[in-house]
2 protein chains.
Amino acid sequence: MSSEAITDGWVEQAEAALAAAGRKRGGARRALLELLAAQECALTAVEIEDALRARSARPVSRASVYRILDELEALALVQRVETGQAMVRYERVCEHEQHHHHLVCDECGLVMPFSDPGLERAIDSLSTRVPLTVSEHEIVLHGACRDCAA
Amino acid sequence: MSSEAITDGWVEQAEAALAAAGRKRGGARRALLELLAAQECALTAVEIEDALRARSARPVSRASVYRILDELEALALVQRVETGQAMVRYERVCEHEQHHHHLVCDECGLVMPFSDPGLERAIDSLSTRVPLTVSEHEIVLHGACRDCAA
DNA sequence: CTTAATGCAAACCGTTTGCATTTCA
DNA sequence: TGAAATGCAAACGGTTTGCATTAAG
């Protein structure tokens, strides 16, 4: 399916990284990995929990969702996205995939990904001139989406 | 003092905007405005509350701090800054002042302002090509500050 | 006087933790 | 069998709300 093509073995990459870190396998985590692999953009913990319950996929408790996301974040397999919407969002990080950022509609809460080479260049150059060893950056543009602006 | 020179009458501008919106004046809000006017970078609600209590300035209750910040944000006099540190930060918005963004040290929590014309240009141009009527943007670079990276 | 401003304490809600149980290697 | 994984429910902590009181216009 298309989602597998897009993620290009991200689930396997994640499992390998976890194994290398001495972790055992588990069904809850596997289900969560597969869900994230199929997403185009960031989800909240609750959205993840609901999706796993709804999809007849293995239900995973809220606590496990957070714990698993934390582990994945520590291994840089997942990234937090702060959209200013009270809850944190999470999405997979895939090396072979183009880095993207987010557009947030402050009216309806819609979150969309976007990417822009010029912006990446500006950030990369900036990163070398700043009193911080930059590990990550996150750009969020706020505004009104097409439907809401209409 | 330098803080007044920097803020260039922001307190008065804010009071005027509030009056125009039909609001009455109040001591708590005034104290909060003066505190924000004197800051160089974003503060959390708790930091604001503590600063007002400590400085022998008028103490302001936590609830009022949040309510006042919400009002000021609605009038675009104050801006939220999401640093991914669990609590939101707030800082004044001053038209006559150069727009800045933030560096966050993920080790010690230090938050520093920075600005970069190239980045602003990239964002402005980007804003016209994206399916969102952009009202605001926020850039946060995460990493390790000089002390923590050492 | 009429409405906004404020304080206090309780409610909220996303997230984290403690503990008992199950599963993997 | 020993360590990691998971679920459940309680605890946490930042933020918001309800309600009574005070103060501005």
Value in whole Å for how far the P atom of dG14(D) lies from CG of L69(B): 15 Å
Residues forming a side chain to side chain contact (heavy atoms under 4.5 Å, CB included) with A16(B), sequence neighbours excluded: none
For P59(A), side chain to side chain contact (heavy atoms under 4.5 Å, CB included) partners two or more places apart: R53(A)
Residues 117-126 of chain A side chain polar contacts: donor-acceptor under 3.5 Å, at least two apart:
residue : atom : partner : partner atom : Å
E120(A) : OE1  : H137(A) : NE2          : 3.2
E120(A) : OE2  : H101(A) : NE2          : 2.7
S125(A) : OG   : R129(A) : NH1          : 2.8

Overall bend - the helix from dC1(C)-dG25(D) to dA25(C)-dT1(D), comparing terminal axes fitted on five pairs, nearest 10 degrees: 30°
Salt bridge flag under 4.0 Å for residues R30(A) and E15(A): yes
Contact letters for nucleotides 5-14 of chain C, in which S counts primed atoms plus P, OP1 and OP2 and B counts the base, heavy atoms under 4.0 Å: SBBBB----S
Partner residues of A19(B) under the side chain to side chain contact (heavy atoms under 4.5 Å, CB included) criterion, sequence neighbours left out: none
Listed once per pair and sorted, the side-chain hydrogen bond (donor to acceptor under 3.5 Å, both in side chains) pairs that draw on residues 139-150 of chain B, sequence neighbours left out: D106(B)-H142(B)
With sequence neighbours excluded, residues passing ring pair (Phe, Tyr, Trp, His ring centres under 6.0 Å) with H100(B): H102(B)
Whole-Å distance separating the CG atom of L32(A) from the C1' atom of dA5(D): 13 Å
All side chain to side chain contact (heavy atoms under 4.5 Å, CB included) counterparts of E107(B), not counting sequence neighbours: C105(B), A144(B), C148(B)
Rounded distance (Å) that lies between atom C1' of dT15(C) and atom CD of E49(A): 12 Å
